[in-house]
2 protein chains.
Amino acid sequence: MNAAPRKTTAPATAKDREATKRRLIEAVGRVLARQGFQAVGVNTVAREAGVDKVLIYRYFDGLPGLVAAFAREGSFWPDLDELCGGDHQAFLALPFAERMSLAVRNYLRAVRSRPLTREILAWRFLEKNDLTDALDTARAEAGAAILALAGQGVDRTDVDLPALHVVLGAAINHLAVRQDREPVFAGLPLDDPATWERVEAMLDRMVRAVLGE
Amino acid sequence: MNAAPRKTTAPATAKDREATKRRLIEAVGRVLARQGFQAVGVNTVAREAGVDKVLIYRYFDGLPGLVAAFAREGSFWPDLDELCGGDHQAFLALPFAERMSLAVRNYLRAVRSRPLTREILAWRFLEKNDLTDALDTARAEAGAAILALAGQGVDRTDVDLPALHVVLGAAINHLAVRQDREPVFAGLPLDDPATWERVEAMLDRMVRAVLGE
DNA sequence: CTTGATAGTCACCAGACAGTGACATTGTCA
DNA sequence: TGACAATGTCACTGTCTGGTGACTATCAAG
């Protein structure tokens, strides 16, 4: 795209357009992390980047475009390696219940360890608009991939696996997002690591119980 | 409080203050239901009520006070009767797993049938402020009561019941709120009644499996 | 040097917001 | 009747928002 500051063609890079674009994209992340998605607006992001807001329109055709670029940039969602523990072969060698249990635990930990991901999750959760649409594609793909891998070579007609995925995913998403907002849920302190060990144990127990140990 | 438009004392009710308060409180509900909590502001609510916004400050000492009054008004959370199916005695006569399963299903249905409750749930979810604080007390009480009733006379040291409640409650809350925003979750259409039957069945299965049938 | 394109700045617009002070209207009591 | 308090209306402030048009500064090519 660029990287040709000299000679023929490439009339851009007068004052480094790409650097400015990067500053804007990074500013989105900082605002999102520090002030939450409510604060993600043209004015705030531009101020954070130390750049004029009009450049958001010129370079990204508006805030949704900038957010889309931001979404393309970062690794907000766990990839397959992370979810299956790094080794696909070893993962596939496990019994099905074991596989599911591991993937669930890794998904929980992955979401919990990504503040920006939790913020995006909450965002998408309650605002359906141009901005959040941009962030959703990557997640949908990641989700589908892990389900496909976990269920690979398995034929369990006795269990409604999609329904199981929905319930587990919903519980994890809710708790992860909730952790940032309200530290107590149904009497348990979500800011206490011990609580999360109990939740992990419970998820594990549920998966095994439903899948028949 | 009022109901004494004539004679001694009660210097108010010149132009019916109570009626105006009621109009404001009802306007909160309408705005919340129609436009979501993002729209709940002094200007919008006053406009909806057909009343000047200054009265919100005079009568409720600001928007948080009005929202608190609104929260006190409506029945947003299911009560014990609804959760246990109407008959406490019959409920308590059931085996524990049966009791839990029933309460979980009734809670899911209760939340799903209350659009305003779902909106409040989402609101509280992502905005922690004076407004949402007012809405939370009632919910916490309702939650604690049902857990107490379901666990009455039961001593299951083999299961981490609070963790189970947390996971189930989180899943239900997430799905109920999600239904309004994004109709598809993990591949299942949340606007299809058949999906909810599958979710109910899965929750039931999980409860029974974990509690040992 | 001139031309032209691009990068970046600045000032402004209209609309929504929360909040406040001054005013008019109405009813009750003395 | 007059005094007073309460109800309700109106106009206004200042601040934020998203968005746009006009400007300057810089660079490359002819």
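So that the names make sense, note that chain A is the first sequence line, chain B the second, and so on, each numbered from 1. Reckoned from all heavy atoms, side chains included, excluding hydrogens, waters and symmetry mates. Since the structure is predicted, the reported quantities are computational estimates derived from the model, not experimental observations.
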Side-chain heavy atoms of B:Tyr107 within contact of B:Glu82, under 4.5 Å:
no
Under 3.5 Å, which N/O atoms of the protein pair with N/O atoms of nucleotides 15-17 of chain C?
from, atom 1, to, atom 2, distance (Å)
C:dC17, OP1, B:Thr44, OG1, 3.2
C:dC17, OP2, B:Arg47, NH2, 3.2

Is there side-chain contact between B:Tyr57 and B:Leu63, with at least one heavy-atom pair below 4.5 Å?
no
Please report the distance, rounded to the nearest Å, between CG in B:Leu24 and C1' in D:dG8.
12 Å
Taking atom C1' of D:dG8 as reference, at what distance in whole Å does atom CD of B:Glu18 sit?
15 Å
Please work out which of the three classes, parallel, tilted or perpendicular, describes the rings of A:Trp123 and A:Phe37, given edges at 30° and 60°.
parallel
To the nearest angstrom, the CZ-P distance between B:Arg23 and D:dT7 comes to 15 Å
Under 4.0 Å from OP1 or OP2 of C:dA7: is there any side-chain N or O of A:Thr20 that close?
no
Quick one: CG on A:Leu203 to CE on A:Met100, what's the gap to the nearest 0.5 Å?
10.0 Å
Under 4.0 Å between a side-chain N/O of B:Tyr59 and OP1 or OP2 of D:dA6, yes or no?
no
So, does A:Tyr57 get its side chain near the phosphate of D:dG18, meaning an N or O under 4.0 Å from OP1 or OP2?
no
Which atom pair, heavy atoms only, marks the closest approach of A:Met202 to B:Val167?
CG-CG2, 4.1 Å
What heavy-atom pair brings B:Ala103 and B:Phe91 nearest, and what distance separates the two atoms?
CB-CZ, 4.3 Å
Without decimals, in angstroms, what is the distance between A:Leu55 CG and D:dA25 C1'?
14 Å
Could you tell me which residues satisfy side chain to side chain contact (heavy atoms under 4.5 Å, CB included) with A:Gln38, sequence neighbours excluded, listed by chain and number?
B:Gln38, B:Leu126, B:Glu127
Should the side chain of B:Arg17 and the base of D:dG8 be counted as holding a donor-acceptor pair, with the cut-off at 3.5 Å?
no
Tell me the interatomic distance from A:Asp52, atom CG, to D:dG21, atom P, rounded to whole angstroms.
15 Å
How close or far is atom P of C:dT28 from atom CG of B:Asp16, stated in whole angstroms?
12 Å
What's the CZ-C1' distance between B:Phe60 and C:dG19, to the nearest Å?
17 Å
Rounded to the Å, how far apart are A:Ile56 CD1 and C:dT9 P?
12 Å
